[in-house]
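Step one of this worksheet: look at the structure below.
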Amino acid sequence: MQPVNNFLFASFRAGALIGTLLLACGAQAAPVSAGALLGARVADAEGAQLGTIHDLAVDVAAGYVRYAIVEKAETSRNQREVRAAPITALRPGLARGQLVLESRTQVPPGNAGGYLMRAKAILGRPIDHPTGADYGTIRDVFFELESGRVLHAEVSLEAAANGVKRKVPFDALRFPPAQPNAILTLGSATLPASQLIGMEVRNRDAGTKGRIDELVVDLHNSRVHYVVLDMEHRLITEPLERLSFTPGRQYAVLPNATRGIAEPRAGMTLARASELIGWEFENEPGVDLGVISDLSIDPQTGRVSHALVRLHEAPGRMQRLELSRFSMSPWRENLVLAEPSAAAGATTPAGGVNLFERLDRDGNGFIEDSELDSGIVGRRNWIAVDLDRDDRISRDEFTAMRTQ
């Protein structure tokens, strides 16, 4: 095949490295097969042979091929010389089965410091279904050569005859560091916070066991900021994403302890998940709306997808609300839900009783010391609410403080 100007690279096939060129100015390159790249020859822009591709470094967390590991040409087996070349610096050459490493420096997109795995460790890796059953084996991985973005994995099904293969989105696969198998996830697999708290944790590197003692949640960003682990009577803090959760198993795995968390950023509203569960919430005017029953958390990303709530007007039915709609106030007993009618799909409960009326048990229009001993009072600075210092709180004083 003769080289022609404006021809674009079309495809890599399983059995051959570089396929045919397509005559079309607007054509786009087809996905590249990682398996076919292994052993491909690499030359520089002048045509000098640099070596062959020994392996690829894949950031499985971000879904990008970051580097090609190039083994230098004409070296003995006892003196191997390898180099890491950014995958975005490689281009298909005119010669069949050859790639060209451009001289100008190119850095792979995104954060190259993620969870890197060798392509040879991915190809042939068994896959477990979320139910724990054997699903199949990763036969190949396809990605864009220009960006390095991984598009999908080609999987042979365990139970299928005649070698049936299926495309699986790469972001649907998880590669726990301490496990030999990859995990196929079906969408965003979430777990309730009540199930995570108290779950057993195993640190295989240190041979220790422990449990999840607490989850610290950022209400503003709807994420688990960090998790507190009780590892053999020692409390350590880790990002939730450091733990791996295998479907069907009643424990999590901590590959190795880093014992450090990111410092809280400005604007964070941190709260313990165990406190959020069972916490009542109200609207801005102070009408009680319901109680948080649980939080739904994606342990792979640490994101809190929603809060499960039970509204007072529909106590037998659970509803889902975005966690970012809730806020805390230093002087309110309950959480505050912004725009409850839009968020919960419900109106203010008819005949609802606000907090002032609940505290003013004798109905005289004032909250007095004897009425500040109920469980809904909490540890508030009620002296600051009593603006005129007459040892009782009027409705005007109460309303003025709640609207500040």
(message) Would V336 and E284 count as a side chain to side chain contact (heavy atoms under 4.5 Å, CB included) here? Give the steps.
(response) CA-CA 6 Å; V336 179; E284 288 289 351; 3.5 Å; yes
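- Two residues are said to be in side-chain contact when any heavy atoms from C-beta on lie closer than 4.5 Å; D288 and N334 meet this criterion.
- Taking every heavy atom of both residues into account, D140 and A34 meet most closely at OD1-N, 3.5 Å.
- A side-chain contact (heavy atoms from CB on, under 4.5 Å) with Y135 holds for exactly one of V155, I183, D128; it is V155.
- Annotation: side chain of L151 is not in contact with side chain of F170 (no heavy-atom distance under 4.5 Å).
- Atom CD of E322 has 12 or fewer heavy atoms from other residues, nucleotides or ligands within 6.0 Å.
- Side-chain contact check for Y67 versus D59: every heavy-atom pair is 4.5 Å or farther apart.
- Side-chain contact between V42 and T52 is absent, with no heavy atoms from C-beta onward closer than 4.5 Å.
- Taking each heavy atom of I53 and L37 in turn, the nearest pair found is CB-O, 3.5 Å.
- Side-chain contact check for E214 and S274: at least one donor-acceptor pair (N or O, by modelled atom type) lies under 3.5 Å.
- In terms of heavy-atom proximity, L101 sits nearest to L90 at CD1-CD2, 3.8 Å.
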(request) Kindly indicate, with the supporting measurements, whether the criterion salt bridge (charged side-chain N to carboxylate O under 4.0 Å, His left out) is fulfilled by R118 and D55. (result) CA-CA 7 Å; R118 296 184 300 111; D55 212 336; 3.1 Å; yes
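- The minimum heavy-atom distance linking L335 with I292 is given by the pair CD1-CD1, 3.5 Å.
- Side-chain atoms of L50 and K72, non-hydrogen and from C-beta on, never get closer than 4.5 Å to each other.
- For the pair L229 and D213, the minimum side-chain heavy-atom distance is 4.5 Å or more.
- A donor-acceptor contact shorter than 3.5 Å links the side chain of S305 to the backbone of S296.
- When atom types are taken as modelled, the side chain of W279 and the backbone of E333 share a donor-acceptor pair closer than 3.5 angstrom.
- Sparse packing is recorded around CZ of R310, with 12 or fewer heavy atoms of other residues, nucleotides or ligands lying under 6.0 Å away.
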(request) May I have the step-by-step check of side chain to side chain contact (heavy atoms under 4.5 Å, CB included) for F326 and L321, ending in yes or no? (result) CA-CA 9 Å; F326 295 91; L321 298 177; 3.8 Å; yes
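- Ring geometry for H152 against F142 counts as parallel: the plane angle stays under 30°, on a 0 to 90° scale with 60° as the upper cut.
- Side-chain N or O atoms of R125 include one that pairs as donor or acceptor with a backbone N or O of P180 at under 3.5 Å.
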(message) Set out, in order, the CA-CA distance, both residues' side-chain angles and the distance that settles side chain to side chain contact (heavy atoms under 4.5 Å, CB included) for I122 and F175, then state yes or no.
(response) CA-CA 9 Å; I122 296 176; F175 299 84; 4.2 Å; yes
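- The CG atom of L254 sits 5.5 Å away from the CG atom of L243 when rounded to the nearest 0.5 Å.
- Judged by the 6.0 Å and 45° rule, R392 forms a cation-pi pair with F366.
- Listed here is the closest heavy atom pair of G302 and L240: CA-CD2, 4.0 Å.
- Going from atom CD1 of I212 over to atom CD of Q195 covers 9.5 Å, rounded to the nearest 0.5 Å.
- Evaluated for a side-chain contact (heavy atoms from CB on, under 4.5 Å) with P92, the options V32, L145, V100 yield exactly one hit, L145.
- Two residues are said to be in side-chain contact when any heavy atoms from C-beta on lie closer than 4.5 Å; E154 and K167 fail this criterion.
- Expressed to the nearest 0.5 Å, how far OH of Y251 lies from CE of M199 amounts to 11.5 Å.
- Rounding to the nearest 0.5 Å places CE of M328 at 8.5 Å from CD of E275.
- Considering only heavy atoms from C-beta on, Q319 comes within 4.5 Å of L311 through its side chain.
- No hydrogens or angles considered: a donor-acceptor pair under 3.5 Å links the side chains of S156 and R139.
- A donor-acceptor pair is defined here as one N or O able to donate and one able to accept, closer than 3.5 Å; such a pair exists between the side chain of K120 and the backbone of H54.
- Here the straight-line distance linking atom CG of L276 with atom CG of D294 works out to 10.5 Å at 0.5 Å rounding.
- Ion pairing between a basic and an acidic side chain is recognised when a charged N comes within 4.0 Å of a carboxylate O; R223 and D218 show no such pairing.
- For the residue pair V70 and A85, the shortest heavy atom distance occurs at CG2-CB, 4.4 Å.
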(request) Test side chain to side chain contact (heavy atoms under 4.5 Å, CB included) on L270 and V217 and set out the steps. (result) CA-CA 5 Å; L270 301 181; V217 177; over 6 Å; no
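- In summary, the side chains of Y226 and R242 do not present any donor paired with an acceptor at a separation below 3.5 Å, with no hydrogens or angles considered.
- The environment of R83 atom CZ is sparse: at most 12 non-hydrogen atoms of other residues, nucleotides or ligands sit within 6.0 angstrom.
- Interatomic distance, L337 CG to E280 CD, rounded to the nearest 0.5 Å: 13.5 Å.
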